[in-house]
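Structure first, commentary second.
No hydrogens, no waters, no symmetry mates; every other heavy atom, side chains included, goes into these values.
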Amino acid sequence: MSRRRDRRGLSDRLRDAYFASPVHAWRLSGPVPDGLAVAVADAWTGDSDLGRELLEGTYAVGGTAVQVGADPWDQSGYSDAALEALHRFEWLRDLRDLAGDAARRRARDLVGAWIERYPGWDRLAWRADLLAARVAAWVHTFGFFADSADDDFRRRVLESLTRQYRHLLRALEAGPPGVARLETLRGALIAAVALGADGEEIQGLADRLDAAIRAQILPDGGHRSRSPAMQTDALVALVDARAALRAAGRESTAALDETIQRMTGVLRMLRHGDGGLALFNGATEGQVWRLDTLIARAETKTRAVTSALETGFERLVAGRAVAILDTGAPVADDDTAHAGTLSMEFSVGKERLVVNCGAAPGDPRWQGLLRASAAHSGLVIDDTNTTELRADGSLGRRPAQVRLERWEADGAVWVEAEHDGYRESHSVVHRRRLFLAAGGDDLRGEDVLSYTGGPGAKPQEAAIRFHLHPRVSASLIQNGASVLLRMPSGGGWRLRVTGGRLALNESVYFGEGGRLQRTRQIVIGVPLAELRALESISVKWALRREDRR
């Protein structure tokens with residue numbers, strides 16, 4: 001992960017100075033419980049293989065093995081991603097599921113070493129989101145690593161846990177934005193319940209959570225980031241928060257229950273037939289078992305929505321085929337958003353065919369490239385992103401609006417969407433039409449570029465890309481007039497195009513845990529030199545299933 005940009009203003013620096021002061025340290029002191037008042041159950045499983053690796057001295061972060069010595073809290077040599085993952089302590093689940101005395105001792109050693117090194121506030125280690133994840137992890141795994149320990153160790157853990165929770169309550173007002181805020185409030189609720197906080201304190205945290213829900217969750221149930229990964233993380237936070245309230249003997253709030261129901265419908269929408277996530281806005285496929293567990297814990301029979309207007313996604317389903325289209329504009333203040341407006345993915349059964357390139361969390365070499373429009377299965381004019389991605393990660397020019405229409409009849413689905421992300425740069429609007437036939441064996445598309453009559457750079461060429469999943473083989477046939485695609489199961493598909501020239505190029509895929517895989521992409525080149533004279537140029541393409549031979 002790239003180094004976090006320091007955006008702290010004067011108020012942030014003053015607050016940090018206060019947190020580092022003896023006065024704040026004194027305010028964190030107070031009674032320490034003899035044990036947890038409530039055992040808040042952990043519904044999530046770990047990975048015993050990762051636990052074994054951690055026991056042997058390594059830990060996987062973003063697909064990279066990090067060496068973890070006897071004392072990993074010496075911060076030298078670690079990436080930001082590795083440090084943050086270590087300070088969250090969610091890897092305690094991996095040791096817990098590995099089980100055994102050696103795993104338990106390793107957990108105690110790492111927790112004890114952390115307590116010794118960070119008895120008071122530290123700008124990274126005690127950062128609100130990391131602290132909240134850590135106290136939740138300690139509560140959830142307390143029975144594994146602390147119950148059978150000696151009295152002195154348990155006392156030190158409970159004292160640190162109590163001090164961290166008291167600090168967290170004071171840090172919430174200026175806590176992190178976005179999903180991290182939901183996760184921070186989730187951790188605070190879990191700690192509050194476990195430490196026996198009174199009803200007024202718990203209600204105050206529940207009220208803060210409701211306010212964060214109103215600020216982040218759109219009316220259709222999508223997270224405002226428009227990221228399937230953040231949709232998942234936000235829903236996990238809300239489901240865990242509800243479980244903590246129930247553990248305290250309290251009813252969940254109506255807003256929380258309703259939000260979980262709506263969010264589950266959008267999460268289902270953003271899954272392919274293999275159970276994994278669609279690769280939009282920084283998402284990778286994710287862990288299918290975790291997604292299945294999350295949906296089960298959501299306790300709702302809400303089905304996948306097909307149209308999420310506020311979030312900006314359309315789902316076309318016919319037979320065993322699923323197409324997912326990005327019909328939204330990136331959020332202006334989201335420095336992780338991808339320039340993927342009107343990009344699409346397509347899968348058949350449990351096999352992915354057309355994909356986006358995904359995301360590589362923790363690898364700064366790829367972050368900017370994977371956010372670009374060219375890393376998506378969409379249309380790009382003159383290698384210019386549909387949304388301007390500035391060097392500092394922020395967004396500049398972007399689509400002001402995306403127009404959408406949808407029709408369904410006799411099992412077939414049509415979607416037409418148009419964005420104006422190229423109006424300012426090229427005086428062009430892009431309209432994409434998708435049609436999925438009732439049997440799911442015929443996906444047709446049309447991309448139309450129209451000149452608006454305004455100023456801007458004269459467009460020269462468009463590229464319509466179809467990034468292929470690594471397990472799909474592709475070959476140009478009929479003298480380059482079409483592309484034959486072969487799925488892992490042996491099923492064949494053929495792509496034909498009218499109005500452009502076909503090429504088969506190299507591509508990359510980071511869908512599986514952010515791990516680099518080489519793959520191919522189909523590129524339709526479209527000359528645009530005559531666009532202003534013609535006023536519009538259309539390219540039609542068809543992706544049809546071929547009988548096995």
Test side chain to side chain contact (heavy atoms under 4.5 Å, CB included) applied to E314 and I324, step by step: CA-CA 6 Å; E314 294 293 312; I324 303 175; over 6 Å; no

Side chain to side chain donor-acceptor pair (under 3.5 Å) evaluation trace for T384 with D382: CA-CA 5 Å; T384 303; D382 294 339; 5.7 Å; no

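In this structure, a donor-acceptor pair under 3.5 Å is present between the side chains of D220 and T311.
Here T452 contributes atom OG1 and D420 contributes atom CG; the two are 9.5 Å apart, rounded to the nearest 0.5 Å. Rounding to the nearest 0.5 angstrom, the gap separating the CD atom in E388 from the OG atom in S425 is 9.5 Å.
Checking side-chain atoms of Q460 against main-chain N and O of A529 turns up no donor-acceptor pair under 3.5 Å. Remark: the backbone N or O of A255 is paired with a side-chain donor or acceptor of T259 at under 3.5 angstrom. Proximity of a side-chain donor or acceptor of S538 to a complementary backbone N or O of V448 within less than 3.5 Å is not detected. Without hydrogens or angle criteria, R315 side chain to M269 main chain gives a donor-acceptor distance under 3.5 Å. Panel note: side chain S450, backbone S536; no donor-acceptor pair is recorded below 3.5 Å. Checked by atom type and distance alone, the side chain of R397 pairs as donor or acceptor with a backbone atom of N385 at under 3.5 Å. A side-chain donor-acceptor contact under 3.5 Å links R262 to the backbone of P219.
Residue V523 comes nearest to A463 through the heavy atom pair CG1-CB, 4.0 Å, listed as atom of the first residue, atom of the second, then distance. Nearest heavy-atom pair, T302 versus G265, reported as atom, atom and distance to 0.1 Å: CG2-CA, 3.7 Å.
The only member of R432, R431, K540 that meets side chain to side chain donor-acceptor pair (under 3.5 Å) when paired with D447 is R432. A side-chain contact (heavy atoms from CB on, under 4.5 Å) with P330 is found for exactly one of T387, L389, N281, namely T387.
Under the ring-ring contact (aromatic ring centres under 6.0 Å, His included) criterion, H430 pairs with H419, sequence neighbours left out.
For the pair R433 and W414, the cation does not sit on the ring face, since its NZ or CZ is not both under 6.0 Å from the ring centre and inside 45° of the axis.
For residues 448-473, the ring-ring contact (aromatic ring centres under 6.0 Å, His included) pairs, not counting sequence neighbours, are F466-W541, H469-Y509.
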